[in-house]
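Structure record follows, encoded as structure tokens.
On a predicted model such as this, the values are computed, not experimentally measured, just so you know.
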Amino acid sequence: MSASTTFQLPIVGMTCASCAGRVERALAKVGGAEGVSVNLATEQARVQAPAGSLPALIDAVQTAGYQVPVRTLELQIGGMTCASCAGRVERALNKVQGVRQVSVNLANERAHIELIASLADAQLVDAVSKAGYSANLPHADNDDAAHAQRRLRNERLAVFTAVLLALPLVLPMLLQPLGVHWMLPAWAQFALATPVQFVLGARFYVAAWKAVRAGAGNMDLLVALGTSAGYGLSLYQWATADAGMQPHLYFEASAVVIALVLLGKYLESRAKRQTASAIRALEALRPERAVRLVEGREETVAIGQLRLDDHVLVKPGERFPVDGEVLEGHSHADEALISGESLPVPKQPGDRVTGGAINGEGRLIVRTQALGAESVLARIIRLVEDAQAAKAPIQKLVDRVSQVFVPAVLVLALLTLLGWWLSGAALDVALINAVAVLVIACPCALGLATPAAIMAGTGVAARHGILIKDADALERAHAVDRVVFDKTGTLTSGTPRIVHSRAAHGDLDDALRLAGALQRGSEHPLAKAVLEQCREQGLDVPPVTDSQSLTGRGIAGRVEGRELALGNRRLLDETGLGADPLAGDAHTWEAEGRTLSWLIERGPAPRLLALFAFGDSLKPGARQAIQALHARGIGSHLLTGDNRGSAQAVAQALGIDDMHAEVLPSDKAAHVARLKADGIVAMVGDGINDAPALAAADIGIAMGGGTDVAMQAAGITLMRGDPRLVPAALEISRKTYAKIRQNLFWAFIYNLIGIPLAALGYLNPVLAGAAMALSSVSVVGNALWLNTWRPVELPSEHPR
């Protein structure tokens with residue numbers, strides 16, 4: 001049974017004694033909870049419950065209708081060298097009362113902590129220190145970068161010095177196959193090996209001592225024990241050798257092992273730094289200063305001094321310092337690093353701009369609409385950081401293995417020593433084989449296998465406009481076998497346009513020109529669609545006079561001396577005209593769910609001129625996205641609240657496998673749940689009404705430009721509203737998960753093969769040290785191959 005702990009919970013929302021009673025009763029229902037008392041005056045609840053009950057207690061308070069304030073904190077952890085280190089830090093932080101959840105990432109050396117808001121940071125730092133590691137709040141970005149550069153320089157210097165000192169020790173071994181038999185005197189070997197062992201190798205002794213003091217083991221303990229055994233055996237052989245005899249020494253083994261491990265750690269640090277390149281690239285987009293306009297004057301200020309609704313001047317070639325709306329000027333914006341959009345995006349008054357994008361050729365004045373943590377760039381960075389800090393479910397297996405890995409290796413090394421010695425081998429042979437077991441065992445590769453792949457995969461995805469919210473979504477997305485799409489705003493643009501048109505008499509372009517004249521100055525969506533079509537076809541729209549709105553029917557006016565009207569079927573019927581010769585077209589287009597507008601010439605001899613059918617246009621790339629999914633064996637479904645005719649037209653145009661129309665928002669989640677019974681389902685949407693379905697799916701994918709609610713409910717967010725990013729998101733998920741499996745396979749196989757070979761005497765400590773150093777580097781290097789990923793270029797198409 002778990003040890004009991006007394007929890008102090010701050011409660012928000014209590015207003016009276018009955019509130020306190022309700023909270024008290026809710027907490028008392030949690031399994032194992034006792035001694036519950038709630039103080040209304042201090043807004044605190046005190047409860048005694050089993051350790052690890054905090055999440056259940058918080059959920060109980062929330063179910064009762066109140067809140068326990070929680071916050072997230074990130075700590076930079078120093079001194080971790082392997083998976084067992086990360087596990088020990090995690091367990092130490094989880095023991096702190098008030099910590100709800102902890103995830104420690106070995107690859108970026110950070111701990112992501114969810115905790116009660118009232119818990120002091122110092123308690124967490126102290127817990128990490130007692131576990132034998134250091135903890136600090138992350139510095140400013142430039143401080144972190146400078147610290148990382150200094151550490152790499154120090155590691156590089158240590159490697160160079162270790163190799164320089166170890167090379168003369170190993171040189172006789174390298175010359176022996178060439179027939180050169182030469183050996184350094186014992187005192188020279190001692191002089192070269194000692195600084196490597198106790199100066200350059202001091203880090204292993206310090207970390208090993210901290211681990212032992214905390215009652216655990218890590219990679220440093222294995223290296224320290226193994227090299228110390230080899231060094232100590234050499235001293236013993238030297239001290240007991242007969243006068244004038246050259247003793248058999250192992251100084252070179254200990255020195256070379258330390259040099260190789262230092263080289264491996266240096267290469268590993270460099271590789272791990274590359275896995276975090278996406279975050280650094282995004283952070284580098286933040287300008288430090290901006291030009292603010294105050295009563296016509298330009299003043300350069302720090303970004304932190306800007307306020308909402310400030311007017312900011314952005315010159316050509318500069319980065320936008322804020323999210324905002326263009327007030328003056330015309331230009332293009334390069335948003336490639338933010339949304340993955342490779343082509344410059346035109347900007348004019350009324351358009352939104354994103355902080356961090358690069359202004360093109362024009363001078364723009366922008367009104368500030370979002371600052372700091374609320375900006376798009378800050379939210380992107382938060383999403384990527386959260387995803388990289390999270391653990392994939394498969395990592396739980398690694399965590400369990402890492403807890404017993406070092407103790408198991410120590411036992412195997414001892415058995416190797418005893419086995420060889422008892423079988424009649426010399427003590428030095430038995431000891432060297434045991435040292436090889438200690439040195440070749442590598443928990444680092446296991447610890448880096450998953451986080452390195454996740455950091456690389458989420459990073460490269462972010463560079464192409466795909467934000468993966470958590471590692472769980474990343475792991476599940478590779479197995480998706482059906483994708484459900486919302487229609488409006490997801491596969492279609494969400495704005496009406498003319499999709500069909502037919503002239504009853506004369507030229508269609510002339511009819512469109514006349515319809516455009518009637519719609520001049522109107523803000524109605526259908527009017528904008530007519531004028532947009534005229535603009536695309538380069539038609540000259542004449543002026544209109546005597547314009548008047550016909551309530552519930554359409555619009556009328558005089559164009560080029562002709563009395564014209566444009567409106568719905570009711571207007572046609574009032575005029576007394578029949579639908580012929582366009583009745584067949586009207587019936588077909590109405591069955592597709594299109595909105596019809598009839599162009600009529602009024603007067604003594606009224607006549608029908610043309611018919612226009614309006615519909616939501618398909619997004620460019622929608623058909624290619626569906627085809628790409630089908631090529632991978634993934635089924636497609638359309639789920640929409642629109643009428644059946646409109647939905648059927650979209651489904652047929654795109655080749656979608658299954659369609660459900662006129663579905664209420666509340667029923668979308670139920671449809672998704674039914675599909676989940678037969679496979680792994682991804683839901684793609686962009687609106688508030690899609691949020692329940694996004695949450696119900698195995699993987700929710702929110703389209704860029706959608707609502708914050710949809711993005712919050714989704715596991716993956718696409719920064720551009722391009723349907724082709726859907727198969728791309730599933731593809732990078734598949735590749736990342738493949739890298740995780742490859743890394744774990746090689747990490748496990750490496751240890752399963754390497755340790756027995758060392759125990760059987762087939763590997764000497766030098767080869768074992770080289771193999772151990774190579775294992776960690778190969779795992780991170782394999783993950784870095786993900787940086788070469790690019791979404792498959794699917795050809796674009798013209799919208800329908």
Hey, could you give me the CD1/CG distance between I680 and L730, rounded to the nearest 0.5 Å? 12.0 Å
Report the distance from atom CZ of F745 to atom CG of N782, rounding to the nearest 0.5 Å. 12.0 Å
Backbone N/O of A729 and side chain of S733: donor-acceptor pair under 3.5 Å: no
Side-chain heavy atoms of L124 within contact of L75, under 4.5 Å: yes
If you apply the rule side chain to side chain contact (heavy atoms under 4.5 Å, CB included), what do you find for L54 with L9, and how did you get there? CA-CA 9 Å; L54 182 61; L9 303 178; 3.6 Å; yes
Test side chain to side chain contact (heavy atoms under 4.5 Å, CB included) on L467 and I716 and set out the steps. CA-CA 6 Å; L467 298 183; I716 297 174; over 6 Å; no
Distance-only, no hydrogens or angles: does the N94 side chain make a donor-acceptor pair with backbone N or O of E90 under 3.5 Å? yes
Checking D698 side chain against V681 main chain: does a donor-acceptor pair fall under 3.5 Å? yes
Approximate separation, where rounding is to 0.5 Å, of E155 CD and R150 CZ: 13.0 Å
Could you go through the side chain to side chain contact (heavy atoms under 4.5 Å, CB included) check for T450 and N743 one step at a time? CA-CA 7 Å; T450 300; N743 282 351; over 6 Å; no
Give the minimum heavy-atom separation between V104 and A111, together with the two atoms involved. CG2-CB, 4.0 Å
Do W420 and L431 make a side-chain contact, defined as non-hydrogen atoms from C-beta onward lying under 4.5 Å apart? no
Looking only at heavy atoms, the pair that brings G79 and Y133 closest together is O-CE2, 3.4 Å
With heavy-atom distances below 4.5 Å as the criterion, would you say the side chains of Q44 and P10 are in contact? yes
Considering all heavy atoms, the nearest A783-A456 contact: O-CB, 3.4 Å
Side-chain donor/acceptor of S103 to backbone N/O of H112, under 3.5 Å: no
May I have the step-by-step check of side chain to side chain donor-acceptor pair (under 3.5 Å) for Y750 and S778, ending in yes or no? CA-CA 11 Å; Y750 163 83; S778 61; over 6 Å; no
Minimum-distance pair of heavy atoms, taken over all atoms of V23 and Y66: CG2-CD1, 3.5 Å
Tell me if a side-chain donor or acceptor on T458 pairs with a main-chain N or O of I454 at a distance below 3.5 Å. yes
Decide yes or no for I116 and R100: does some side-chain heavy atom of the first lie under 4.5 Å from some side-chain heavy atom of the second? no
I'd like to know whether CZ of R22 has more than 12 heavy-atom contacts from other residues, nucleotides or ligands below 6.0 angstrom. yes
After noting the C-alpha distance and the side-chain angles of Q62 and V68, does the key distance pass the side chain to side chain contact (heavy atoms under 4.5 Å, CB included) rule? CA-CA 7 Å; Q62 291 175 340; V68 176; 5.9 Å; no
Any donor-acceptor pair under 3.5 Å from S228 side chain to L225 backbone: no
Do other residues, nucleotides or ligands put more than 12 heavy atoms under 6.0 Å from K95 NZ? no
Take atom CH2 in W789; do more than 12 heavy atoms of anything else shown fall under 6.0 Å from it? yes
Are I432 and P765 side-chain neighbours, meaning at least one heavy-atom pair lies under 4.5 Å? yes
In Å and rounded to the nearest 0.5 Å, what is the CD1 to OG1 distance from I701 to T717? 9.5 Å
What are the two closest non-hydrogen atoms of T227 and Q197, and how far apart are they? OG1-NE2, 3.0 Å
Is the side chain of T416 donor-acceptor paired with the backbone N or O of A434 at a distance under 3.5 Å, no angle test? no
How many angstroms lie between CG in L438 and CG in N433, if you round to the nearest 0.5 Å? 11.5 Å
Side-chain (Q76) to main-chain (E109) donor-acceptor, under 3.5 angstrom: yes
Determine whether L115 and V70 make a side-chain contact, defined as any pair of heavy atoms from C-beta on separated by less than 4.5 Å. no
Do Q8 and V47 have side-chain heavy atoms sitting under 4.5 Å apart? no
Between L221 and A208 the two heavy atoms that sit nearest each other are CA-CB, 3.6 Å
Within the 4.5 Å heavy-atom criterion, are L73 and D121 side-chain neighbours or not? yes
Please work out which of the three classes, parallel, tilted or perpendicular, describes the rings of H478 and Y737, given edges at 30° and 60°. parallel
Between R71 and L119, is there a donor-acceptor pair closer than 3.5 Å when you use the side chain of the first and the backbone of the second? yes
How many angstroms lie between atom CG of N39 and atom CD of E43, to the nearest 0.5 angstrom? 9.5 Å
Main chain of G457, side chain of K739: is a donor-acceptor contact present, judged purely on distance under 3.5 Å? no
